[in-house]
There are 2 protein chains.
Amino acid sequence: MPSKQPKMKDVAALAGVSIKTVSRVLNNEPHVQHALRTRVQEAVASLGYVPSKSARSLRGSRSYSINMLCHSDLSNYVNAIQFGAVIACQQRGYQLTISLMDTVEGKSAAQIKDELQALTAHSIPDGVILVAPFADDPHVIQAFEELSIHVARIGPSLEPEGHIHIGINERKAAFEVTSHLVELGHKRIGFVRGLENQSVTEQRFQGYKAALLENGLQTNPDYVCKGEFDFRSGARAAEKLLELDPPLTAIFASNDDMAAGVMMVANRRGVKVPENLSIVGFDDSEIAENMWPTLTTVRQPLQQFGEVAALKLIETVGKPTPQMVPPTILKHKMIIRESTAMLHTSGSD
Amino acid sequence: MPSKQPKMKDVAALAGVSIKTVSRVLNNEPHVQHALRTRVQEAVASLGYVPSKSARSLRGSRSYSINMLCHSDLSNYVNAIQFGAVIACQQRGYQLTISLMDTVEGKSAAQIKDELQALTAHSIPDGVILVAPFADDPHVIQAFEELSIHVARIGPSLEPEGHIHIGINERKAAFEVTSHLVELGHKRIGFVRGLENQSVTEQRFQGYKAALLENGLQTNPDYVCKGEFDFRSGARAAEKLLELDPPLTAIFASNDDMAAGVMMVANRRGVKVPENLSIVGFDDSEIAENMWPTLTTVRQPLQQFGEVAALKLIETVGKPTPQMVPPTILKHKMIIRESTAMLHTSGSD
DNA sequence: ACAATATTTGACACCGTTGTCAAAATCATA
DNA sequence: TATGATTTTGACAACGGTGTCAAATATTGT
C-alpha cells in the first residue's frame with residue numbers, strides 16, 4: 001500500500017506551522033525564524049515531500065523547466081550538451097524538456113516567432129538552451145526576446161550581448177591546433193570548413209589563417225574546402241584535397257566527423273596517416289578515439305556547456321530582461337593523439 | 001506590444017459560451033452541439049489559444065508529459081529513439097522530458113524505487129519510456145508499477161507482458177544476417193556479444209546459433225567473444241578473434257560500434273575487408289555508412305520505436321493498470337553494404 | 001399537450017501552490 | 001512602561017483549468 005504523495009498541508013501540520021511558512025522555507029525566503037525553518041525542513045525530509053511543479057508554476061512565476069531547442073540532425077555534439085543540461089537541471093529540481101524545430105531557412109521572422117510560441121505556449125520554460133544551428137540565428141534569438149523567454153546561446157562570441165552565451169575561444173583553439181601542425185614542420189596544410197550558417201565555421205577558419213600568417217605561410221585558397229560537419233562532406237573534401245600537387249602534408253578538418261571522413265579517404269587511397277598526412281579534427285567527440293589512428297583534436301567541454309547554460313538560466317529566473325552580459329568562455333584543450341606527426345623532411349620542402 | 005496569452009475565459013467570451021463548454025471541446029468530450037463545437041474551435045484558432053499545461057495537470061489527472069529515462073552513456077541508439085519520441089509528443093501537444101539515472105547495479109529494489117520517485121515526484125509523467133539498460137531491469141519496471149506510472153519498454157520480447165513494449169524480432173534478425181554470411185559461403189563465423197545485462201545480447205546470440213545449426217554448422221565457443229557494445233570492446237574482441245587458426249572468414253559483431261572496432265583492427269592488421277574477412281554489425285546506426293568499407297548490418301527502426309512508445313503511452317493515459325499486452329514488433333531490415341562478400345574458395349575449405 | 005426521459009449547458013468548488021496583506025509578536029526608543 | 005518601528009506569521013484569494021452536479025433544453029411516448 002503505497003503512502004500518498006504528501007502535500008504542503010501535511011508538512012505544515014507535522015511542523016505545526018502554517019502552509020505559507022512551509023512555502024517560505026521551501027523557497028528560501030527570508031522572514032522565517034531559524035528554529036521554525038529547521039523544524040519545517042525536518043518535516044519535509046521525514047515525509048519525503050516534494051512540491052508539485054504544476055501548482056507552483058500555475059500560481060508562481062516560474063515553471064521549473066528548461067527547454068532545449070534541437071534541430072532534427074542528431075549529433076553527439078548536441079547529445080553531450082544535453083547530457084550536461086539534464087545533470088544541472090536535475091540537481092536543481094528542474095526538468096529538462098526537449099523541443100524540435102525544423103530548419104529556419106526561408107522562414108520569416110514572424111513565422112519563426114509563431115512556431116516558437118506554439119511550441120512553448122502550454123508550458124513556458126524558465127529558459128531555453130540554444131545550440132547549433134539555432135544558436136546563431138538572429139530571428140530565433142529575437143523571437144524569444146519578444147516572448148520574454150530567457151535564452152542561453154551556445155556558440156562563439158567574445159563580445160557582451162543581451163543574453164547568456166557560452167563557448168570556447170574558437171579562433172584561439174583553431175590557432176593552436178594549426179600552430180601545432182606548423183611546429184611539426186607542415187607547410188601545406190589543408191582546411192575543411194563547416195556549415196556556413198554556423199559562426200564557428202568562420203571563427204575556426206580565422207584561427208587557421210592567423211596561425212599560418214603568424215608563421216609566414218600563405219593561405220592558399222586551393223587548400224580550403226567547404227564541408228557540412230558530417231563524415232561524408234569530410235570524405236568529399238579529402239577527395240579533392242588529396243589530388244593537389246604538390247601534395248598536402250596535413251589537413252585540419254573543422255570537426256571530428258569530417259576528420260574521420262578525411263581519414264577514411266586517406267586510408268583507402270593508401271596515404272599513410274600520420275607518416276604522409278597529418279590530420280586534426282575539432283570537438284574531441286567519441287569518434288576521435290574510435291578511429292585508427294586516433295585523432296588529434298581540440299576538446300570542447302560540451303557537457304560543461306550544457307551544465308553552465310542550464311545553471312545560468314536557472315539563476316536568472318525572475319530577473320528582468322538580461323542586460324548586456326559578457327560571454328562565459330570555457331577552457332578548451334588540444335588533445336594530441338596518433339594522427340599527427342613530425343613531417344618527414346623528405347627532400348627540400 | 002505582444003498580446004497577452006489568451007485564457008480559456010477569453011475563448012469562452014468570444015464564442016459566447018461557458019468556460020466549461022470550451023473545456024469540453026478542447027478535450028473532445030461528448031455532449032457538445034456541433035454548432036457550438038465549431039464556434040469554439042474557431043475562437044480558439046483566432047485567438048491562438050493554447051491551454052496551460054500546469055493548470056490542466058494540477059486539476060486533471062494527466063500531466064501532458066512523457067519522460068524518457070536515460071543512462072549516462074550517450075549513444076546514438078538512445079538519441080534516435082529520443083528523436084522519435086519528441087516528434088510524437090510534439091504532435092500530440094505533449095512534452096518530452098529527460099531524466100538521468102546512474103546504473104542500477106548493486107542497488108536494492110527499495111532504493112531504486114525511492115530514486116525514481118524522487119525523480120518524478122514534482123511532475124508525475126503520464127508515462128515513462130525505458131531504454132537500455134533500464135528496459136531490461138525488473139526492479140525499475142516494478143518500481144514504476146508500484147508508483148502506478150505507465151511504462152513503455154523498448155527491448156526484445158515476444159511474450160505478452162504487463163506493460164507496453166516495443167522491439168524487433170532480434171533473434172530472427174540475427175538469424176537472417178548470420179544466414180546471409182552462410183549463404184556467402186562462410187563457415188568459420190565469429191560472434192561478438194554485447195553487454196550481458198541487456199537481453200538483446202542473448203537474443204542475437206541465439207539467432208546466430210540457430211542459423212549455424214540450421215545449416216549444419218557447429219557453434220565453436222572459441223569463435224565467441226564478450227563485448228560491451230562499444231568500439232573499444234569490438235576492437236579487443238577482434239584482436240582475439242583474428243588470432244585464430246584456421247582464421248575466421250567472417251565476424252558478426254552484435255552492434256555497429258563493435259563492428260567498427262573489428263573493422264579498424266582488421267584494417268590495421270592488413271586483413272582485407274571483405275576479401276579476407278566479412279563483417280556484419282547490428283543497428284544501422286550512422287557509423288555504419290561512415291566507415292570504409294561500409295557496413296552490412298540490420299536496420300532497426302529506432303526512431304519509430306520512440307514514436308510508437310510515446311504514442312502508446314499517450315493513448316493509455318487514464319486507462320487502468322495495463323493488462324497483459326502483446327509486444328509491438330516492428331520490421332527490421334538487413335542492409336547489405338560493402339563489408340560482406342562471397343567467400344574466396346581458396347583451396348578446400 | 002403533458003409527463004418522462006435523454007441530452008446539452010453552465011455554476012461552482014477544487015487541485016496545490018504562491019502573492020498580498022493584515023495581524024501578531026518582537027524589538028527599539030523615549 | 002507606553003509607543004512606534006520592525007520583523008515574523010498566517011488567513012485568504014488567486015492562478016487556469018477540470019470534475020461534479022444541478023438546471024435548462026430537446027426528445028420521446030402516450
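In what follows, every chain begins at residue 1, and chains take the letters A, B, ... in the order their sequences are listed.
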Self-check item: Exam field: side chain B:Asp126 to backbone B:Tyr64, donor-acceptor pair closer than 3.5 Å
Solution: yes
Quiz item: In whole Å, what is the span from the CG atom of A:Leu26 to the C1' atom of C:dG19?
Solution: 16 Å
Quiz item: Got a second to check how far A:Asn67's CG is from A:Ser99's OG, nearest 0.5 Å?
Solution: 3.5 Å
Quiz prompt | Interatomic distance, B:Glu29 CD vs D:dG19 C1' [rounded to whole Å] | solution = 9 Å
Practice problem: Name all pairs fulfilling the salt bridge (charged side-chain N to carboxylate O under 4.0 Å, His left out) condition that reach into residues 31-55 of chain B, sequence neighbours left out, sorted by first residue then second. | Solution: none
Exercise. Take B:Tyr94 and B:Leu311 through the side-chain contact (heavy atoms from CB on, under 4.5 Å) test and state the conclusion after the steps.
Key: CA-CA 10 Å; B:Tyr94 264 68; B:Leu311 253 100; over 6 Å; no
Quiz item: Within this structure, what is the CG-to-P distance between A:Asn27 and C:dT20, rounded to whole angstrom?
Solution: 13 Å
Exercise. Any chance you could list the contact pattern along nucleotides 5-15 of chain C? Use B for base contacts, S for sugar-phosphate-only contacts and - for none, protein heavy atoms under 4.0 Å, 5' to 3'.
Key: ---BBBB-BBB
Quiz item: Tell me: CE of A:Met8 to C1' of C:dT18, nearest whole Å?
Solution: 8 Å
Practice problem: Could you check if a side-chain atom of B:Leu119 sits within less than 4.5 angstrom of a side-chain atom of A:Gln90, using non-hydrogen atoms only? | Solution: yes
Practice problem: Just jot down the salt bridge (Lys or Arg N to Asp or Glu O under 4.0 Å) partners of A:Glu115, sequence neighbours excluded, or say none. | Solution: A:Lys107
Practice problem: Calculate the interatomic distance between A:Lys9 atom NZ and D:dC12 atom P; express it in whole Å. | Solution: 16 Å
Self-check item: Short side-chain N/O contact to D:dG17 OP1/OP2 from B:Tyr49, under 4.0 Å
Solution: yes
Practice problem: To the nearest 0.5 angstrom, please state how far the CD1 atom of A:Ile19 sits from the NZ atom of A:Lys7. | Solution: 11.5 Å
Exercise. Using five base pairs at each end, measure the axis-to-axis angle across the helix from C:dA1-D:dT30 to C:dA30-D:dT1 and round it to 10 degrees.
Key: 40°
Would you list the atom pairs, donor with acceptor, under 3.5 Å between side chains in residues 129-144 of chain A and any protein atom, with sequence neighbours excluded?
unit_1   : atom_1 : unit_2   : atom_2 : d
A:Asp136 : OD1    : A:Arg153 : NH1    : 3.2
A:Asp136 : OD1    : A:Ser199 : OG     : 3.0
A:Asp136 : OD2    : A:Ser199 : N      : 2.8
A:Asp136 : OD2    : A:Ser199 : OG     : 3.1
A:Asp137 : OD1    : A:His139 : N      : 2.8
A:Asp137 : OD1    : A:Val140 : N      : 3.0
A:Gln142 : NE2    : A:Glu146 : OE2    : 2.7

Exercise. Mind running a 4.0 Å heavy-atom check of residues 119-127 of chain A against DNA chain C and sending the residues that fall below it, in number order?
Key: none
Quiz item: For the atom pair NE2 (A:His165) and CZ (A:Phe305), what is the distance rounded to the nearest 0.5 Å?
Solution: 12.0 Å
Quiz item: If we only count heavy atoms from C-beta on, is the B:Ile98 to A:Phe83 side-chain gap below 4.5 Å?
Solution: no
Quiz item: Okay, side chain of A:Ser63, backbone of A:Ile124: is any donor-acceptor separation there less than 3.5 Å?
Solution: yes
Practice problem: Please state whether the phosphate of D:dG17, meaning OP1 or OP2, lies under 4.0 angstrom from any side-chain nitrogen or oxygen of B:Ser52. | Solution: no
